[in-house]
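In the text below, chain A, chain B and the rest are named by the order of the sequence lines, each starting its count at 1.
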2 protein chains.
Amino acid sequence: MSISSRFSVGIHILTLIELNKDGVSSSEFLAGSVNTNPAVIRKIMGMLKKAGLIKVQPGIAGAELAKDLSDITLLDVYKAVHVVRDNELFSIHENPNPNCTVGRNIQNTIEPIFFKAQTALEKVLENVTIEDVIKGINEKEK
Amino acid sequence: MSISSRFSVGIHILTLIELNKDGVSSSEFLAGSVNTNPAVIRKIMGMLKKAGLIKVQPGIAGAELAKDLSDITLLDVYKAVHVVRDNELFSIHENPNPNCTVGRNIQNTIEPIFFKAQTALEKVLENVTIEDVIKGINEKEK
DNA sequence: TTACATGTAATTATTATAGTTACATGTAAG
DNA sequence: CTTACATGTAACTATAATAATTACATGTAA
């Protein structure tokens, strides 16, 4: 089980839009880099647009970032592409037996722990921006 | 998409084994508290046993913890029940286009970021023991 | 009108999960 | 030895999510 590759594709898209800012970033172009079908890219781009991360117009080729690179965090992307529901990274079994001490308390006891773990993960993502990703790529290209 | 409830059930099992240490924790008994089929419990218990967290014997009823409460972390449970593969919490799209700067570098650039995020989550789990869960339950029962 | 762009739905195949059923093997008591 | 009950495991079913593909609607510009 893993977090959908939609997230990594979303990051790829945003990164490429920036690095191709002097060109036209059509869904076809982006799909070529990601190596997937343009319809997939358009689906994800729709989510990024809805989240206010990019600007695209029907019929007109070329997406643009809607925010500054350094203002787009990986957490923004993660939430934009809906890979994990709020506070639902961990599933907790339902309907434990209320006649049992553990049964009636387990959900409420572990839920805050799971919340804390999910928050720790999301905090790491919140501290990385598309600008950082681009720096990372530039370093690897040297 | 979420981390399987096998993990929360695993925690439930270990917690109940401890709180029922003067009784017999058969898979039937544990299943009653979790409110699931005993075969499910036995499957998970097999994993916990394999990971050295509990002791069970064929034909003989009653599981026991194989380690001290305070030495069993939620990370131990998480790894025991194989809900997430090592360093694979996040999927990364495969085969990006190597003819593109972003395409050839994106995987290696975001992989360490994802690793860091997963590690942050796992560190939280590593700092919580079954003893803590029991304390949490006892507080809720007051 | 045509060519090309975005946007979305439907379909298919695969995988993982959750739950159930069936049955094999092991233990202990009578 | 038989019976009752325990652990252990496989197979099956249903569901949901993912990934990929195809088809088509709508929009823009020449």
Among [options], the one nearest [X] by side-chain distance:
{"X": "B:Arg85", "options": "C:dA16, D:dT18, D:dA10", "answer": "C:dA16"}
{"X": "A:Val56", "options": "C:dG7, C:dA18, D:dT18", "answer": "C:dG7"}
{"X": "B:Arg6", "options": "C:dG7, D:dA19, C:dT17", "answer": "C:dT17"}
{"X": "A:Ser5", "options": "C:dA18, D:dT21, D:dA19", "answer": "D:dA19"}
{"X": "B:Ala39", "options": "C:dT21, C:dT8, C:dA18", "answer": "C:dT21"}
{"X": "A:Thr36", "options": "D:dA20, C:dG19, C:dA28", "answer": "D:dA20"}
{"X": "B:Val40", "options": "C:dG19, D:dT21, D:dT7", "answer": "C:dG19"}
{"X": "A:Ala61", "options": "C:dT20, C:dA5, C:dA18", "answer": "C:dA5"}

Quickly work out the [X] [atom1] to [N] [atom2] distance and round it to whole Å.
{"X": "A:Arg42", "N": "C:dT6", "atom1": "CZ", "atom2": "C1'", "answer": "6 Å"}
{"X": "B:Gln57", "N": "C:dT27", "atom1": "CD", "atom2": "C1'", "answer": "10 Å"}
{"X": "B:Asn37", "N": "C:dT17", "atom1": "CG", "atom2": "P", "answer": "18 Å"}
{"X": "B:Glu88", "N": "C:dT15", "atom1": "CD", "atom2": "P", "answer": "14 Å"}
{"X": "A:Ile60", "N": "D:dT26", "atom1": "CD1", "atom2": "C1'", "answer": "13 Å"}
{"X": "B:Glu28", "N": "D:dA4", "atom1": "CD", "atom2": "P", "answer": "16 Å"}
{"X": "B:Glu64", "N": "D:dA6", "atom1": "CD", "atom2": "P", "answer": "16 Å"}
{"X": "A:Lys50", "N": "C:dG7", "atom1": "NZ", "atom2": "P", "answer": "13 Å"}

Q) Mind checking whether B:Ile137 and B:Thr15 have side chains closer than 4.5 Å, heavy atoms only? A) yes
Q. In the strands shown, is D:dA6 matched to any nucleotide by a Watson-Crick or G-U wobble pair with both distances under 3.5 Å, and which?
A. C:dT25
Q. Using purine N1 to pyrimidine N3 plus N6-O4 or O6-N4 for Watson-Crick, or N1-O2 and O6-N3 for G-U wobble, each under 3.5 Å, what pairs with C:dT14?
A. D:dA17
Q | B:Asn87 and B:Glu111 side chains, donor-acceptor separation under 3.5 Å | A | yes
Q | Donor on one side chain, acceptor on other, A:Ser33 and B:Asn97, under 3.5 Å | A | no
Q | Sugar-phosphate, base or nothing in reach of B:Lys49, heavy atoms under 4.0 Å | A | sugar-phosphate
Q | side-chain hydrogen bond (donor to acceptor under 3.5 Å, both in side chains) partner of A:Ser91, the single match among B:Ser2, B:Ser5, B:Ser4 | A | B:Ser2
(Q) Surrounding CD of B:Glu28 (heavy atoms of other residues, nucleotides or ligands, distance under 6.0 Å), is the total greater than 12? (A) no
Q: State whether B:Glu64 and B:Lys21 are salt-bridged, where the test is any N-O pair (Lys NZ or Arg NE/NH1/NH2 against Asp/Glu carboxylate O) under 4.0 Å.
A: no
Q. When the nearest nucleotide of DNA chain C is assigned to B:Gly59 and to B:Val83 on a heavy-atom basis, which residue is associated with the more 5' position?
A. B:Val83
Q: Please figure out whether A:His82 or B:Met45 has its closest DNA chain D nucleotide nearer the 5' end.
A: B:Met45
Q. Hey, is the side chain of B:Ser4 poking within less than 4.0 Å of OP1 or OP2 on C:dA18, counting only N and O atoms?
A. yes
